[in-house]
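Below: the structure, in structure tokens.
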Amino acid sequence: MDILSARLKKIQPSQTLVISAKARAMKSKGQDVISLSAGEPDFDTPINIKNAGIAAIQSGQTKYTDVGGTPVVRQAVAQRLKADYNIDYQPEEIMVSSGGKQVIFNAMMASLNPGDEVIIPSPCWVSYPDIVTLAGGTPVIIPCKEEHAGFKLQPEQLSAAITSKTKWLILNSPCNPTGAVYSKEELQALCDVLMQYPNVWVLTDDIYSKLVYDGVVAPTVVQVEPRLKERTITMNGVSKAYSMTGWRIGYAAAPVEFIKAMIKLQGQSTTNPCSISQAATVEALTGSQDSVADMVATYQKRRNLVLDNLNGAPGLSCLKPMGAFYLFVSMKNCLGKTTSKGTKINSDQDFVTALLEEEGVATVHGAAFMMAGYFRISYATNTELLKEACLRIKHFCMNLS
């Protein structure tokens, strides 16, 4: 008997998690593998945040909380949004979930009906299309090429993609996997289009908003165009900026009625996020932000290191990312070639598979992000490993024939 739903059969396992699992399996067998595939900071969670979690345990904050988060953590989110973007949200306009992914899942499940379309600029995070599909919607992928201001959605593309069935635009800045950051002017141009379509909502994924370089800032939609506030979900979390991936906290700010809908849905799935993690999140959002600045400074040095090395590798080229901690590297000039061990490179997936098996470097192929001909490198790992990984990648490319 086939028990699996038709919707589940349409989606794939997260490719970043699949490749990370393969790299771990190779390591467990004693193979020398450097993993640059996972989107996870290598820094420890800052000590003030860990201490807040410990204090929460010791004081007995180990019970159920309100489904959408404690009043204290929702107030902390409101304060952070005000400090970062000068946007005013009340605690009742905010909910907290078990990670940013759950926020997106809640939003799509709470709003999509069969046939509803969700515009997703690509390259995009691997989970967006599958979450939309699982919720019964139709992902509409809009390819944004390098020449599109560095993989950014253009206003004319957005306008052309909107139909009577369009319900959402999902916009991610800084972008995973490209590191592209939309400027205020670029966001305003997209907002001008959206103002012409009052039935289209926006989910802005700002999870990497604090990880920006060279003096760049990452504005958010409601900050740029306040008139869109009543149909925008501003999503963020603590995983990336505060190195709290395992704490599993994401949050959303949106109109009250939609927040209530997402809380109702969450109440029938995971209920509240971890009470201890919520307490630690209050400290992350309201305490010292020095650790964020320290991490950003280190990431910028690593970005420059990897960028300089890989742009000198035969067949590879890469734009300089302004945010997140990824490089999205073109390997198109390697297509059709053969590795030193006889593997033919017919696709970006062939490239990353051979790179892992022959050189022990784990990356993620561009097709996983809806953009073939590239591969993604995470530079959220220590500098010495990055140097060694670059040597291996260059060796791999130099021996293609």
Side-chain angles (χ1 to χ4, degrees), residues 38-85 87 89 91 94-104 174 176 205-213 217-218 220 234-253 266 270-302 323-326 378-383:
E40 181 169 44
D42 62 308
F43 297 99
D44 196 9
T45 302
I47 187 65
N48 62 310
I49 299 172
K50 291 196 291 185
N51 285 341
I54 293 168
I57 295 171
Q58 293 175 334
S59 64
Q61 296 182 49
T62 57
K63 306 296 183 182
Y64 292 132
T65 73
D66 293 344
V67 172
T70 65
V72 177
V73 76
R74 293 165 85 173
Q75 182 62 49
V77 170
Q79 292 173 3
R80 188 77 261 151
L81 292 171
K82 178 67 173 178
D84 289 347
Y85 303 118
I87 306 173
Y89 281 103
I94 289 164
M95 74 169 298
V96 183
S97 297
S98 298
K101 185 180 286 187
Q102 189 180 23
V103 170
I104 300 167
N176 173 11
D205 181 348
D206 302 336
I207 197 74
Y208 295 97
S209 60
K210 290 185 176 296
L211 305 183
V212 286
Y213 313 113
V217 295
T220 194
T234 301
M235 190 278 282
N236 212 314
V238 296
S239 293
K240 313 300 183 180
Y242 302 98
S243 196
M244 294 175 66
T245 51
W247 298 77
R248 305 310 304 131
I249 293 290
Y251 55 82
Q266 187 163 292
T270 58
T271 314
N272 63 275
C274 173
S275 60
I276 299 156
S277 297
Q278 290 185 67
T281 294
V282 172
E283 174 62 25
L285 297 179
T286 64
S288 171
Q289 303 295 297
D290 290 348
S291 62
V292 178
D294 291 342
M295 283 188 274
V296 167
T298 300
Y299 285 141
Q300 182 168 318
K301 291 177 182 177
R302 292 174 177 175
F325 41 61
Y326 308 109
S378 168
Y379 50 86
T381 193
N382 77 68
T383 301

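Below, each value reflects all heavy atoms present in this structure, side chains not excepted, and no hydrogens, waters or symmetry copies.
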Tell me, with the steps shown, if D42 and R302 meet salt bridge (charged side-chain N to carboxylate O under 4.0 Å, His left out). CA-CA 12 Å; D42 62 308; R302 292 174 177 175; 2.8 Å; yes

Do T62 and I276 have side chains that approach each other closer than 4.5 Å (heavy atoms only, starting at C-beta)? yes

Going by atom types only, do Q102 and T270 share a side-chain donor-acceptor pair under 3.5 Å? yes

Shortest non-hydrogen pair, V103 vs G250, comes out as CG2-C, 4.0 Å

Using the ring-ring contact (aromatic ring centres under 6.0 Å, His included) rule, take F43 and Y299 through it: C-alpha gap first, then chi angles, then the decisive distance, then the call. CA-CA 11 Å; F43 297 99; Y299 285 141; 5.4 Å; yes

Taking all atoms of both residues into account, what is the closest heavy-atom pair of Y379 and G323, and its distance? OH-O, 4.3 Å

State, to 0.1 Å, how close V96 and G69 come at their nearest heavy-atom pair, and which atoms those are. CB-CA, 4.2 Å

P41 to S243 - nearest heavy-atom pair and separation: CB-OG, 3.5 Å

Tell me the closest heavy-atom pair linking R74 and P91, and the distance in Å. NE-O, 3.2 Å

As an exercise, state the distance from OG1 of T45 to CG of N51, rounded to the nearest 0.5 Å. 11.5 Å

Which pair of heavy atoms, one from A253 and one from I94, lies closest together, and at what distance? CB-CG1, 4.1 Å

Taking the side chain as every heavy atom from C-beta outward, state whether S97 and Q266 have any pair of such atoms under 4.5 Å apart. yes

Going by heavy atoms in the side chains, are M235 and I104 under 4.5 Å from each other? yes

Between V296 and V212, does a side-chain contact (heavy atoms from CB on, under 4.5 Å) hold up when you go through it step by step? CA-CA 7 Å; V296 167; V212 286; 6.0 Å; no

Set out, in order, the CA-CA distance, both residues' side-chain angles and the distance that settles side-chain hydrogen bond (donor to acceptor under 3.5 Å, both in side chains) for S209 and Y85, then state yes or no. CA-CA 11 Å; S209 60; Y85 303 118; 3.3 Å; yes

Atom pair CZ (R248) and OG (S277), whose distance is rounded to the nearest 0.5 Å: 9.5 Å

pair D44-K50: side-chain heavy atoms closer than 4.5 Å: yes

Using side-chain heavy atoms (C-beta onward) and a distance below 4.5 Å, is P273 in contact with S98? yes

If I take atom CD1 from residue I249 and atom OG1 from residue T245, how far apart are they, to the nearest 0.5 angstrom? 12.5 Å

Please examine the side chains of I49 and M244, heavy atoms only from C-beta on, and report whether any two atoms are closer than 4.5 Å. yes

Any chance the rings of F325 and Y213 have centres within less than 6.0 Å? no

Sequence neighbours left out, what passes side chain to side chain contact (heavy atoms under 4.5 Å, CB included) with D294? Give chain and number order. none

Does a side-chain heavy-atom distance below 4.5 Å link D66 with N272? no

Under a 4.0 Å N-O cut-off, is there an ion pair linking D206 with K240? no

Return the set of residues passing salt bridge (Lys or Arg N to Asp or Glu O under 4.0 Å) with K210 (not counting sequence neighbours), or none when no residue passes. D84

Residues passing the side chain to side chain contact (heavy atoms under 4.5 Å, CB included) test with L285, sequence neighbours excluded, are A76, V77, R80, V238, Y242, Y251, T281

Interatomic spacing from CD1 in I87 to OG1 in T220 - rounded to 0.5 Å: 5.5 Å

Looking at A38, is its backbone amide N or carbonyl O close enough to the side chain of S378 to form a donor-acceptor pair, meaning the two atoms are under 3.5 Å apart? yes

Is S239 close to E40 at the side-chain level, that is, under 4.5 Å between some pair of heavy atoms? no

With no hydrogens and no angle check, just 3.5 Å: does a side-chain donor-acceptor pair link S275 and Q61? no

Find the distance between CG (D290) and CG (N48) and round it off to the nearest 0.5 Å. 9.0 Å

Verify the distance criterion only: is there a donor paired with an acceptor across the side chains of T65 and Q278 at less than 3.5 Å? yes

Within a reach of under 6.0 Å around NZ of K301, are more than 12 heavy atoms found that belong to other residues, nucleotides or ligands? no

Point-to-point distance, once rounded to the nearest 0.5 Å, from CG of D205 to CG of N236: 8.0 Å

